[in-house]
Amino acid sequence: MGSKSLWLLLAGVLLAYCLYTPLPDNIEPSWKLMLTCAFLRIQTHLAPLLEMLGFRPFLLLDVLEVPPTSDENVTVTDTLFNNIPVRVFVPKQKSSTLRRAVFYIHGGGWAIGSAAWAPYDDLGRQMVENLDAVVISSNYRLSPQYHFPTQFEDVYDALRWFLRKKVLAEYGVDPARICVAGDSAGGNLAAAVNQKLLDDPEVTIKVKIQSLIYPALQALDMDLPSYRENAHLPFLTKHQMILFWSRYFTSDKVLEEAMVANQHTPVDSSHLFKFLNWSTLLPERFIKGHVYRNSIHGPSDLAKKYPGFLDVRASPLLAEDSMLKGLPLTHILTCQYDVLRDDGLLYISRLRAAGVQVVHEHVEDGFHAILLYSSSVMNLKASLRVVNKYLKWLKENL
Ligand SMILES: *[C@@H]1O[C@H](CO)[C@@H](O)[C@H](O)[C@H]1NC(C)=O
Ligand SMILES: *[C@@H]1O[C@H](CO)[C@@H](O)[C@H](O)[C@H]1NC(C)=O
């Protein structure tokens, strides 16, 4: 068989595998999107096997990485901030004034992803081009090799390193114009580090704005309407999200199983559900016909062994109002076809109730990870629209 027909066969198998899940009608049809989804699903299935054989479980995704390449407009370098690897994008053109800066945190379920992934590298360049900003794209150690709070602490350490007069001066950054942003698990980390900064007396430079793109914000209730409605969509299934969440805290399957049953929160922590009670916090149009069920309580030893999921640094929705009220102007982007949609919506309600100014953008034909499909190779129009919305908001508010 020639290599051409082999490729065709492979593409056919991949497609058949992915088409197995029908997509909602108003999602822009794209074979490339389907193929990517199939590739990600195959990688998810292969992960345990690769791990068993002694490889990194998400080895195949390394193909997405690109080296730091400068061009006529931007200098791109990989460096360390406080020992944390970051990719830095600095505009080449001389500026007579200080620049704004975006500290960006990539997504990938705390398990995959890198500032070197082509879509994130691309986003970094777009932020430079559109905002004339200095962009720091932070890495952090990943699960399952590293669990919470390593991911949080890595990002926080890199951010703290950056938020110092000396470092900002070195990069020509205006300390009054800094944004912390991230998507998905990166949105989780962005929300968490921004909360943490509020009570860190050692950091005096304040973040001006935050942008959270379809963030994950709570690990207590896996039965929100968005989890129910989008459980089987290929972009991010409920089961994949539960795997990501549980692996963030432990490789012990017991937590994963308890989360699948939504029975992981112990009775003595049941008061925490008031912070994410969707029957009162979600706008009516997202509740639709869904009936709120008080969750069934899990064994207390689970939370004793893996207290991370009850920790506000992992579940920013668990913050008290008194903490939230200090947060800066916030941009939250949610997608209709996303298990994490309601995490974002709940945070918007909580932030507004605490008096924080929030700009909400809801993408009706959007799905999880849509930001990553805007490159000239993927060329998904809906994705370009989302990237442009994000850039526009930054341009106007940073
Ligand atoms: C550099 O910037 C100019 C002016 O905005 C643009 O036309 C050009 O395409 C950019 N080069 C690259 C490599 O992006
Ligand atoms: C959530 O809100 C509903 C309706 O107001 C209420 O019946 C329920 O007890 C609340 N549950 C929790 C855990 O706060």
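Just so you know, ligand 1 is whichever comes first in the structure, and atom 1 is the first atom listed for that ligand.
Listed by chain and number, Asp71, Glu72, Asn73 each place a non-hydrogen atom less than 4.0 angstrom from ligand 1.
For ligand 2, the polar-atom distance check finds an N/O of Asn277 within less than 3.5 Å of one of the ligand's N/O atoms. By the 3.5 Å distance cut-off applied to N or O atoms, Ser279 is counted among the residues near ligand 2. No N or O atom of Ser270 sits closer than 3.5 Å to an N or O atom of ligand 2.
Residues that satisfy the side-chain hydrogen bond (donor to acceptor under 3.5 Å, both in side chains) test with Tyr347, not counting sequence neighbours, are Gln195. Under the side-chain hydrogen bond (donor to acceptor under 3.5 Å, both in side chains) criterion, Asn188 pairs with Trp110, sequence neighbours left out.
Taking a cut-off of under 4.0 Å to the non-hydrogen atoms of Phe273, the atoms of ligand 2 that pass are 13 (C).
Checking Tyr214, Phe286, Tyr337 one by one against His362, the ring pair (Phe, Tyr, Trp, His ring centres under 6.0 Å) holds for a single residue, Phe286.
The shortest non-hydrogen separation linking Ser143 to Gly109 is OG-O, 4.4 Å.
Listed by first and then second residue, the salt bridge (charged side-chain N to carboxylate O under 4.0 Å, His left out) pairs involving residues 161-182 amount to none (not counting sequence neighbours).
Both Leu329 and Val358 are part of a single hydrophobic cluster, where members link through side-chain heavy atoms under 4.5 Å apart.
The CG atom of Asn139 sits 8.0 Å away from the CZ atom of Arg87 when rounded to the nearest 0.5 Å. Note that the OG atom of Ser70 and the CZ atom of Phe89 stand 9.5 Å from one another [nearest 0.5 Å].
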